Amino acid sequence: MPRKIIDLAVSLTDKVQSDPPGLGPQITYVDHTAGAKEFSSMFDLPEGALRDNAGAAVERCEITTHNGTHMDAPWHYHPTMNGGERAITIDEIPLEWCFGPGVKLDFRDRPNGHTISAAEVEAELQRIGHSLQPGDIVLVNTAAGARYGQPDYVGTGCGMGREATLYLTERGVRVCGTDGWSWDPPLMTQAARARETGDWSIFWEGHKAGADSVYCHMEKLANLDQLPGSGFEVIALPVKVANGSAGWCRPVAILST
Ligand SMILES: N[C@@H](CC(=O)c1ccccc1NC=O)C(=O)O
């Protein structure tokens, strides 16, 4: 079957700005020369044992589970989900949730810090002519995607609030994602708004919807602008970090051509 695969992951790198200061990945590249020294001392190798004196190239990474493109588990949002059950961790996510029809919502024109409402999700679904089905994987394209790697990335784009998140989960969506740093609108805007109004229930409200429901979202997705509104499949398998709040993943969209 002729098909096109679109990579929905960013590269894990410490060369661009992808997280707030101090929270980014740090990667030490061990080159073939350093790798040869390691092999020599590990295995007591004689001179000339390694072809071209080149050992193994390896990378040592200092990262959190939330660096790079990753999937968050309900445990990230709250200790409980579904109104009181222990929240599941990333190693407990049913893999059936991670493979399904993709739906792309285009919210690139919404202002930075804007909280997407359920009505906006419904209107966008209508515009793309899609009726949401259980198991759909919903990807939210915000203005952040185009700013990945720039100093303003973390503060750019709109985000999904409680109402919009529950709109998806009530219709059987279990996996969704955004190209923003957070599923919620940029957290500094949420905090500023909460400070102004005194209503702190809005802070991280999209994530906290997971306490009343159950769902996973991916963050720092890439290339969403290349996707149609629907008619493609998504595979997004998270790395199984034991008891983890999240796992890195390499989601792809599969389009038949
Ligand atoms: N983007 C995440 C939050 C996040 O990544 C995070 C939150 C608190 C402390 C560290 C974090 N990320 C570290 O890489 C989110 O809003 O789910």
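Whatever order the structure lists them in is the order used to number ligands and atoms, beginning at 1. These figures come from a predicted structure and were not determined experimentally.
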Problem - NZ/NE/NH1/NH2 to OD/OE distance under 4.0 Å, Glu96 and Arg174 - result: no
Exercise for the section: Salt-bridge test for Asp212 and Arg162: reply yes if a basic N is under 4.0 Å from a carboxylate O, no otherwise. Expected result: yes
As a test of reading the model: which N/O atoms of the protein lie under 3.5 Å from N/O atoms of ligand 1, and at what distance?
| from | atom 1 | to | atom 2 | distance (Å) |
| --- | --- | --- | --- | --- |
| ligand 1 | 1 (N) | Trp181 | O | 2.9 |
| ligand 1 | 1 (N) | Glu219 | OE1 | 3.3 |
| ligand 1 | 14 (O) | Thr64 | OG1 | 2.7 |
| ligand 1 | 16 (O) | Ser182 | OG | 2.8 |
| ligand 1 | 16 (O) | Trp204 | NE1 | 3.2 |
| ligand 1 | 16 (O) | His207 | NE2 | 3.3 |
| ligand 1 | 17 (O) | Asp72 | OD2 | 3.3 |
| ligand 1 | 17 (O) | His76 | NE2 | 2.9 |
| ligand 1 | 17 (O) | His207 | NE2 | 2.5 |
| ligand 1 | 17 (O) | Glu219 | OE1 | 3.4 |
| ligand 1 | 17 (O) | Glu219 | OE2 | 3.1 |

Practice task
Answer yes or no: is there an ion pair linking Arg127 with Glu124, defined by an N-O contact shorter than 4.0 Å?
Solution key: yes
Handout entry: Min side-chain heavy-atom separation His207-Asp72 under 4.5 Å
Key = yes
Handout entry: Side-chain ion pair, Asp19 and Lys220, N-O less than 4.0 Å
Key = yes
Practice task
Just say parallel, tilted or perpendicular for the rings of Tyr215 and Trp183, cut-offs at 30° and 60°.
Solution key: tilted
